[in-house]
Amino acid sequence: MKKVVLAYSGGLDTSVCIPWLKEKKQMEVVTVSLDLGQEFDADALRQKALASGATSVYIENLQQEFLEQYVLPALRANAAYERKYLLATALSRPLIAKKLVEIAEKEGASVVAHGCSGKGNDQVRIELGIFSLNPELRVIAPLREWELKSRQEEIAYAAKHNIPVAVSVESPYSVDINVWGASIECGVLEDPWREPPEEIYQLTASPQSAPDKPTYIELNFKRGTPVGLNGRSCGMMEIVRKLNEEGGKNGVGREDLIENRLIGIKSREIYESPAGTILHLAHRELEALTLDKETLHFKELISTKYGELIYYGLWHSSLRDAFDAFIEKTQEVVSGTIRVKLHKGKCEMIGRRSEYSLYNENLATYGISDTFNRTWAEGFIELWGLPLKLEAMRKKCLK
Ligand code: ARG
């Protein structure tokens, strides 16, 4: 029997994939479940995969690798999709693809399967990730192929194959969570006019019920990487966890977005990324202090492109390598401290300092210590405005 490596979450869809792959494709199924911070019971997951008919089960905690190798480059790039989405789901897919490829190669499997629906972005990201790492592998997406048309039919199929299905009240929402954030869609959220009900939020308290007293946090960066919190040095994991907690408590990091999916439709998605929101703000503010104008402005273009590249599933591409080389160079001076204030859904920057700051108080001041030579301004304005003068003079000749 041929072997297939299946990305397995333990939910109904991927549980049904196991007997379906065995029955319809005559394949032996190896499941892979990756812990990216979504909180699951590894023992229960293993039992369920085996009870559903898997031959072997891989469960790996990849939170550290996710934060350091995927989230961090995106943060240093200030990458967001359509201004609001900090890409928690999109960033996890290339890592999932990488692990699937690794395990397929180790197991000698020539086929990989996933439980993505045929309407979303994730199928594209996972498959592009697989192809860019091993173009020989073949992909099966059972949900695009099978005859099961509803949840009821899936449950019936599971029952027929003796698959354990947890009898739980079905949530009307589709939620994807990891350490970098949550993506929530479906149910009443499909009506873009409807205010999201409070119950959908996974990581944040409602801004109204958040504490009246603000929380102050100091973040240290070294070469564009967060390295400390409130004066204590710590790693990415500790910083992100702490900021999720503090940001979440203060209702920071909610977004409501109508976004343009890869497959052409617009969808409404709610995002929560408390740590991401705080870190993005702090990182941008530190760049404002330390990068020269032209680099800063040019990097904005890269940010947009970088966000698109992640969203479009092009993580494992030479374009990203090239962007990373540029970004690495720019981050040489992005070291320093940012002070933020979290209060009732808002995250504000309230102080910044850096040994590489380009801000010069003697030049900026309107006070007595001013060293700026005002007489130079006249000549500058004359030359800067010269092209406009020439145009204005020509206008007089135009009929
Ligand atoms: N729209 C987001 C993206 O394309 C999130 C997709 C997953 N969302 C979900 N609720 N399952 O990255």
Side-chain angles (χ1 to χ4, degrees), residues 9 32-43 45 58-80 85-99 102 129 175-183 201-205 215-250 252-254 271-286 306 310 315 320 324 327-328 331 334-340 342 347:
S9 71
V32 176
S33 308
L34 304 173
D35 177 358
L36 298 173
Q38 69 273 47
E39 286 187 3
F40 60 69
D41 176 346
D43 288 334
L45 197 64
Y58 286 79
I59 298 176
E60 288 184 35
N61 182 334
L62 296 181
Q63 294 186 37
Q64 190 86 18
E65 183 174 354
F66 179 52
L67 285 178
E68 287 170 5
Q69 307 293 322
Y70 294 76
V71 169
L72 181 60
L75 171 68
R76 297 169 103 217
N78 303 319
Y85 175 28
L86 300 186
L87 301 156
T89 298
L91 278 165
S92 71
R93 285 0 185 194
L95 174 56
I96 293 172
K98 181 175 158 235
K99 276 290 147 181
E102 268 172 33
V175 179
D176 182 65
I177 297 196
N178 60 46
V179 270
W180 195 234
S183 310
Y201 293 102
Q202 313 286 319
L203 307 173
T204 54
T215 303
Y216 292 87
I217 291 178
E218 258 186 41
L219 283 163
N220 297 317
F221 287 81
K222 195 160 182 130
R223 300 170 78 101
T225 299
V227 292
L229 196 93
N230 295 330
R232 211 166 53 77
S233 46
C234 26
M236 211 32 201
M237 180 75 78
E238 196 183 334
I239 294 176
V240 168
R241 287 193 175 281
K242 183 77 181 158
L243 293 181
N244 273 336
E245 190 187 311
E246 297 295 338
K249 224 166 54 192
N250 286 285
V252 166
R254 292 182 174 186
Y271 294 112
E272 292 175 281
S273 189
T277 302
I278 300 165
L279 285 170
H280 266 257
L281 174 87
H283 181 257
R284 278 180 183 276
E285 293 294 350
L286 192 55
Y306 207 105
I310 295 167
W315 181 265
R320 187 179 62 85
D324 281 344
I327 291 164
E328 179 64 30
Q331 301 302 291
V334 186
S335 301
T337 306
I338 298 291
R339 219 146 62 87
V340 297
L342 314 177
C347 170

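Numbers here are sequence positions counted from 1. Just so we're clear, the structure is a prediction, and the values are computed from it rather than from any experiment.
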Heavy-atom nearest pair, S9 first then L45, reads O-CD1, 3.5 Å
Are the side chain of W180 and the backbone of L86 linked by a donor-acceptor contact shorter than 3.5 Å?
yes
Subject >> Residue pair I239, L279: steps toward the side chain to side chain contact (heavy atoms under 4.5 Å, CB included) verdict >> reply: CA-CA 9 Å; I239 294 176; L279 285 170; 4.2 Å; yes
| Test item: R254 side-chain N/O and A205 main-chain N/O as donor-acceptor pair under 3.5 Å | yes
Sidechain-backbone polar pair: E272 side chain, Q202 backbone, donor-acceptor under 3.5 Å
yes
Rounded to the nearest 0.5 Å, the OG1 atom of T337 sits from the CG atom of L286 at a distance of 8.0 Å
Heavy-atom nearest pair, I177 first then G37, reads CG2-O, 4.3 Å
Taken to the nearest 0.5 Å, the spacing of R241 CZ from L67 CG works out to 8.0 Å
Determine whether S92 and Y70 satisfy the following criterion, side chain to side chain contact (heavy atoms under 4.5 Å, CB included), listing intermediate values before the conclusion.
CA-CA 8 Å; S92 71; Y70 294 76; over 6 Å; no
Per side chain to side chain contact (heavy atoms under 4.5 Å, CB included), I278 is matched among N244, V252, N250 by V252
Worksheet item: Is there side-chain contact between L219 and L243, with at least one heavy-atom pair below 4.5 Å?
Response: yes
Check: Q331 main-chain N/O paired with R76 side-chain donor or acceptor under 3.5 Å: no
Subject >> Exam field: side chain S273 to backbone G253, donor-acceptor pair closer than 3.5 Å >> reply: no
Between the CD atom in E60 and the CG atom in D35, the distance rounded to the nearest 0.5 Å is 10.5 Å
Requested in this report: Please work out whether the ring planes of H283 and F221 are parallel, tilted or perpendicular, with thresholds of 30° and 60°.
Outcome: tilted
Between N178 and A88, the two heavy atoms sitting closest are ND2-O, 2.9 Å
Query raised in the report: Would a distance-only check, ignoring hydrogens and angles, find a side-chain to backbone donor-acceptor pair under 3.5 Å from Y85 to A90?
Result: yes
Distance col, row L87:CG vs R93:CZ, nearest 0.5 angstrom, shows 12.0 Å
Legend entry - Salt bridge present between K242 and E246 (N-O < 4.0 angstrom): yes
Between the CG atom in L75 and the CE atom in M236, the distance rounded to the nearest 0.5 Å is 5.5 Å
Of all heavy-atom pairs linking Y306 and A74, the shortest is CE2-CA, 4.1 Å
CG (L34) and CD1 (I96) are apart, to the nearest 0.5 Å, by 6.0 Å
Closest non-hydrogen atoms of I59 and A42, given as atom of the first, atom of the second and distance, are CD1-O, 3.4 Å
Minimal heavy-atom distance between R339 and Y216, with the atoms involved, is NH1-CD2, 4.4 Å
#### Entry: Stepwise side chain to side chain contact (heavy atoms under 4.5 Å, CB included) check, I338 with L281
CA-CA 9 Å; I338 298 291; L281 174 87; over 6 Å; no
